[in-house]
Amino acid sequence: LPALAETEKERQAAVKAGLPYEEKDPLGREPGQALWPENESAEEHQATKRNYPVTFNSLYQGVPRPDGGYMANEEMFKLLPALPERDCRWVWGTDWAITEKQSADYTVAALVGLWTPGGNKEDARLVIGFVTRGQKDPHGARELVKEAMTNHTKRVPMYSGQANIDKVHLIQMRKDADLLRYSMKNLTRKELAGDKVTKATPWLEMAIAGNVYVVQGGWNTEFFNEVEDFPYGKHDDQVDAVSVASHALGLAKREIKVHS
């Protein structure tokens, strides 16, 4: 039972975290009422929530992440019905795995673009156009990424990181006769420096500022769930793939304006 009775919005957020949905509070409490006010009042709970949101939500509410995610949440992203047709430079960002076990990491390919409407490079937005993922063996992983690349209407360059697994996959991809006209590159350690949070911060800060757009598709829910869990979720492969793409686009070097 949650220490504070939840609002409808909070109950819906718990569903995103993988918890069962409760139509109403099991004890019939109104939102914000304390479970045991004689021991700890609602006001004391609210103070804990303000000062230690992650601890409060996990230990007191039984929800393993704060409402709205750790670094960013779905509401910060703007949706597009389709890919922008003009003024957008696209790349594929990839994150590789080598096993098809259900508990393993995913191989991910993310189509990401730097959109400059009207050609104004100072007025840039990021567009996440498509994300695909799968728990595959090495051959299956390369087929997953190849299918994504070749199904796109244009030849878009593909980038990956500097891990040994990334290098091995790209060596094999470059041998594929169907991909000979595609540009494929491992970013250098200088181009993709830091830990996962450091790498993701430039594009997540753009999302917080309202400058990241996501094209509507069946992959959206899994993507937003992972973003809201980051950096403490079980999987972060989609986030990593977008980070690779954003660094390939030079995002870490840009100053981004906020759009109303």
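One-based numbering along the sequence shown.
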Of all heavy-atom pairs linking G32 and A42, the shortest is O-CB, 3.5 Å
Looking at E30, I'd like to know if its CD atom is crowded, meaning that more than 12 non-hydrogen atoms belonging to other residues, nucleotides or ligands lie closer than 6.0 Å.
no
Which residues pass the salt bridge (charged side-chain N to carboxylate O under 4.0 Å, His left out) test with D95, not counting sequence neighbours?
none
Inter-residue atom distance L111.CG - M158.CE, 0.5 Å rounding
12.5 Å
Quick check against the 3.5 Å criterion: does T107 have a side-chain atom that pairs as donor or acceptor with the backbone of A97?
yes
Contacts of E205 meeting salt bridge (charged side-chain N to carboxylate O under 4.0 Å, His left out) (sequence neighbours excluded), chain-then-number -> none
What's the spacing between F77 CZ and L204 CG if we round to 0.5 Å?
6.0 Å
Pairs meeting criterion salt bridge (charged side-chain N to carboxylate O under 4.0 Å, His left out) with involvement of residues 143-158, two or more places apart
K146-D176, K146-D178
Q135 side chain to A104 backbone, donor-acceptor under 3.5 Å:
yes
V112-L144 co-clustered via ILVMFWY side chain contacts under 4.5 Å
no
Gap separating the CG atom of N120 from the CG atom of D87, nearest 0.5 angstrom:
10.0 Å
Please list all pairs passing the salt bridge (charged side-chain N to carboxylate O under 4.0 Å, His left out) test where one or both residues lie in residues 131-140, with sequence neighbours left out.
R133-E222, R133-E226
Hey, mind stepping through Q61 and L4 against side chain to side chain contact (heavy atoms under 4.5 Å, CB included) and telling me if it holds?
CA-CA 7 Å; Q61 298 297 91; L4 288 178; 4.0 Å; yes
Return the CZ to CD distance between F224 and E75, rounded to the nearest 0.5 Å.
10.5 Å
Applying a strict under-4.5 Å side-chain criterion to I, L, V, M, F, W and Y, I'd like to know whether V91 and I128 cluster together.
yes
Under the rule for side-chain contact (heavy atoms from CB on, under 4.5 Å), what residues qualify as partners of T198, not counting sequence neighbours?
D195
What pairs with W115 under ring pair (Phe, Tyr, Trp, His ring centres under 6.0 Å), at least two apart in sequence or on another chain?
Y213
Are any of the side-chain heavy atoms of W90 and L249 separated by less than 4.5 Å?
no
Roughly how far, to the nearest 0.5 Å, is CG of N186 from CD of E191?
10.0 Å
Around atom CD1 of I98, are there more than 12 heavy atoms from other residues, nucleotides or ligands closer than 6.0 Å?
no
Least distance between heavy atoms, S160 atom then L170 atom:
CB-CD1, 3.8 Å
Just so I know, are the side chains of F130 and H152 near enough to count as touching, which here means a heavy-atom distance under 4.5 Å?
no
Evaluation steps, side chain to side chain contact (heavy atoms under 4.5 Å, CB included), between V227 and V239:
CA-CA 7 Å; V227 167; V239 171; 4.2 Å; yes
Nearest non-hydrogen partners of P117 and D123, listed with the distance
CD-O, 3.7 Å
Close side-chain approach of E74 and T221, heavy atoms under 4.5 Å:
no
Give a yes or no on whether L80 and V156 share a hydrophobic cluster (residues Ile, Leu, Val, Met, Phe, Trp, Tyr; joining criterion: side-chain heavy atoms under 4.5 Å apart).
yes
Let me confirm one number: the CG-CZ distance from L83 to R86, rounded to the nearest 0.5 Å.
15.5 Å
Which heavy atom of M149 sits nearest to which heavy atom of M173, and what is that distance?
SD-CE, 4.2 Å
Could you report the tightest heavy-atom contact between H45 and A34, atom names first, then the distance?
CD2-CB, 4.0 Å
For F223, all residues meeting ring pair (Phe, Tyr, Trp, His ring centres under 6.0 Å), sequence neighbours excluded:
W219
Test W92 against V145 for side chain to side chain contact (heavy atoms under 4.5 Å, CB included), laying out the working first.
CA-CA 9 Å; W92 287 102; V145 175; over 6 Å; no
Hydrophobic clustering (ILVMFWY, side-chain heavy atoms < 4.5 Å, transitive) - are L79 and V127 grouped together?
yes
Residues 165-188 vs ring-ring contact (aromatic ring centres under 6.0 Å, His included), sequence neighbours excluded, gives W96-H169
Salt-bridge contact K196-D240 (side-chain N to carboxylate O under 4.0 Å)
yes
Check the hydrophobic clustering (I, L, V, M, F, W, Y; side-chain heavy atoms under 4.5 Å; chains of links allowed) and say if I171 and L179 are grouped together.
no
To check you understand the geometry: which heavy-atom pair defines the closest contact between T132 and A148, and what is its length?
CG2-CB, 3.9 Å
Using the test salt bridge (charged side-chain N to carboxylate O under 4.0 Å, His left out), find all partners of D237 that sit at least two apart in sequence or belong to another chain.
none
Holding to side-chain contact (heavy atoms from CB on, under 4.5 Å), I want the full list of residues that pass it with V244, two or more places apart in sequence or in another chain.
Y159, L187, L192
Could you check K78 against R125 for side chain to side chain contact (heavy atoms under 4.5 Å, CB included), going step by step and ending with a plain yes or no?
CA-CA 11 Å; K78 298 177 181 178; R125 302 105 187 268; over 6 Å; no
Of all residues at least two apart in sequence or in a different chain, which pass the side-chain contact (heavy atoms from CB on, under 4.5 Å) check with T153?
none
Name all residues meeting the salt bridge (charged side-chain N to carboxylate O under 4.0 Å, His left out) criterion together with D25; count only those two or more places apart in sequence or in a different chain, and write none if there are none.
R29
